[in-house]
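Notes to accompany the following structure.
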Amino acid sequence: MNLKELNMHYKSSLEFSIKLSGSLICLALLFVQSARSQNSVNIDIDTNKPIAHVSKEMWGIFFEDINFAADGGLYAELVKNRSFEFPMPLMGWKQLKTGGKQASLLIVNHQKAGSSHARHAAIDLIEGPGSFVLSNEGFRGIGLEKDKQYRFSIAACSFSDSVKIRIEAEDPKNEIVGSAKIDKLTSDWQTYTVIFKCKETTAKARLNVIFEGKGKVEVDMISLFPRETWKNRENGLRADLAQKLADLHPGFMRFPGGCIVEGRELLNRYQWKKTIGPTDGRELLLNRWNVEFAKRSAPDYYQSFGLGFFEYFQFCEDIGASPLPILNCGMACQYNSAEVVSLDQLDPYIQDALDLIDFANGPQTSKWGALRAQLGHPKPFNLRLLGIGNEQWGEQYIERFKLFAAVLKSKYPEVKLISSAGPSPNGTMFDLLNKKLREEKAELIDEHYYRDPEWFLKNVNRYDTYERKDSKVFAGEYAVHIPDNMQKDTHAESHNTIWSALCEAAFMTGLERNADVVQMASYAPLLASIEAWQWRPDLIWFDNLHSVATPNYYVQQMFAVNKGDVVLSTLSKGKPLAGQDSIYATSSIDTVKGNIIVKLINTSLNARTVNLNLSGSNQLKDMITWIELSDKDKSAFNSLDNPQAVKPEMKTIKLGKRKTFELKGLSANVLVLPLSKKSNFNKN
Ligand code: AHR
């Protein structure tokens, strides 16, 4: 090759390499650009454009005595079968004799007309040393904590001066961790109370009630409570569980269920009037979840109603939640007996509803208002919501609902009635109920969704095109159910994964965006005992000493605490952001606190960048709060052993001009942007 040729070659290869590197640069630029457009999402929020008012009750809680949520859970009583009223009167109790003691025990039924606590134990102690012991196993053991105080009480009578009662709390290693003595007994029935301090922490204690001396002694209502209950009330609630519920800041609390309202048959339906007044007068009832599922059978599951309607109302008041009782509408569970009361016999059921409103709201001079005052609450409970039937369906429900509505609305038009859309969110059963209830101008229709993750993601737009007139929606029971074969972990809590929580969060952005249609929503069920559950997933898991908030709990909390009261227009390329690039978004304004709140859910495994374009006359402060719940692993969950595996992090950051945020893969995010001046939106 000569010089000329070499020059030519050099030039052309230079041109080629320039061309090549130029094309490579273009390609690289294109790649960067396409990667950027794939990973960055523009969100237009018009801070002057309200699209819906968010009700005070938007995010609430659903309480049902399932999974030992009440007895053995929120209700702090530690003794199971405290008054021998279980059909097997000594279920949960063991009789022991020490030191060669001779004694006999009879369960006496002293049923008088109208008395609901029929039984007590009559013990005959024969002379000699040693003792006779009644030992209670509690609810899968008794949880006691070192240095905490416990209140033991027992109703007793004895004609013998020599009879003495002692109690001992015994741990699984047979160590006595707490003890106390009862004063001299009298021959008339009295309740004796003693307090003891516990020496060691144990989740599995037994309570031994020890009888010594000679003669006859009769006992009933054998009870043990932690002294420290929620608000330190006697007959109170377990403090850690009540606090977890309070920390959700629920707008409402639905109680007492659930199918528990219906009963398997009408005889076993929930009747609120039997749950108020002195606890020893509240008639025990079978818990319908006891042997419902063969694999999770709990034959020792009954309702003592120590947590009854008065306590529910009181708790709602404590936590600032609107009470939402659900009453039986003359129909038992349609999955079980499907028994209905005939229409000409429905009046007592309707009367129960009228009386309940009087109990909650009536003046102290009314029949039921007077009883409320006598029970310690002269002021009304301000009941504004009432459910007629739980998860009912068919023409038989419509007929009964109409009769209830006619009477209740004419007497109490201010109380909103909730009606059932059945167990499924679609299908013939749902369509019939939805159509007929809307014809009746039903105020709030209760829709239930227990579905897989995909259903929740596909249905984020469910309410964008819903009928907006007249009837509104109460999303009364929902939870993402991860199919069993996809979740291999053996922990009971393992179905409450971050993935399920994120799919719920995505769906909830659709509820919030349509807050003019969906006015209330609650995850279900709420509480579950790790050792005695029937149904999962659940929002909070507990054992006898501890409780754990699930990722789903944190999602509920993030939405409820950062609710806002006016939804803002939040669009991406002119459309609601409901899954484009795996991002789901809503925003609202809290006119009271003066914040714009943006909720952003990223269901992709990869991080996503979002650019917020906030228009409107509202000026923002520079420092904002970012709450983030995330995990790299879709199947991550919180267990009682590892309760902090998934939890929200909160940081304060500078907003800056660009308003660009990098959302972690698999994350739920709430941005709280304070306004420089409070907005003066008219919320109505
Ligand atoms: O939340 C558990 C059960 O699911 C409720 O009792 C019932 O309403 C629904 O079927």
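These numbers were taken from a predicted model, which means no experiment stands behind them. Each ligand, and each atom within it, is numbered from 1 in the order the structure gives. Residues take their numbers from the sequence shown, with the count starting at 1.
For atom 1 (O) of ligand 1, the nearest non-hydrogen atom of the protein is Tyr450 OH, 2.7 Å. The single protein non-hydrogen atom nearest to atom 9 (C) of ligand 1 is Glu477 OE1, 3.0 Å, given as residue, atom name and distance. Atom 10 (O) of ligand 1 has as its closest protein heavy atom Glu391 OE1, 2.7 Å. At the shortest separation from atom 6 (O) of ligand 1 among protein heavy atoms lies Glu64 OE1, 2.6 Å.
With a heavy-atom cut-off of 4.0 Å, Tyr523 does not touch ligand 1 at all. Proximity of Ile260 to ligand 1, defined as any heavy-atom pair under 4.0 Å, is not found for any part of the residue.
Near Pro525, meaning under 4.0 Å from any of its heavy atoms, are these atoms of ligand 1: 1 (O), 2 (C). Of all the atoms in ligand 1, the ones that sit under 4.0 Å from a non-hydrogen atom of Gly258 are 5 (C), 6 (O), 8 (O). Each of the atoms 6 (O) of ligand 1 lies under 4.0 Å from some heavy atom of Trp289. Remark: ligand 1 atoms within the under-4.0 Å shell around heavy atoms of Trp535 are 2 (C), 3 (C), 4 (O). Atoms of ligand 1 found under 4.0 Å from any heavy atom of Asn390, numbered from 1 in the order shown, are 7 (C), 8 (O).
When Arg384, Lys409, Lys416 are each tested for a salt bridge (charged side-chain N to carboxylate O under 4.0 Å, His left out) with Glu443, only one passes: Lys409.
Taking distance alone, with nitrogen or oxygen atoms compared against 3.5 Å, Cys259 approaches ligand 1 more closely than that limit. Residue-to-ligand polar distances keep His448 apart from ligand 1: every N/O pair is separated by 3.5 Å or more.
The two residues Pro648 and Ile627 make their nearest non-hydrogen contact at CB-CG2, 4.0 Å.
Remark: Lys56 NZ is packed, more than 12 non-hydrogen atoms of other residues, nucleotides or ligands lying under 6.0 Å away. Few gaps surround NZ on Lys273; more than 12 heavy atoms of other groups in view lie less than 6.0 Å from it. Heavy atoms of other residues, nucleotides or ligands lying less than 6.0 angstrom from NZ of Lys472 number more than 12.
In this structure, Trp535 has its ring center closer than 6.0 angstrom to the ring center of Tyr450. Side-chain rings of Phe225 and Tyr75 approach one another, their centers coming within less than 6.0 Å.
With respect to Arg238 and Asp240, a salt bridge is recorded, a charged nitrogen being found less than 4.0 Å from a carboxylate O.
The aromatic rings of Phe310 and His377 sit perpendicular, their planes meeting at an angle over 60°, well past the 30° parallel limit.
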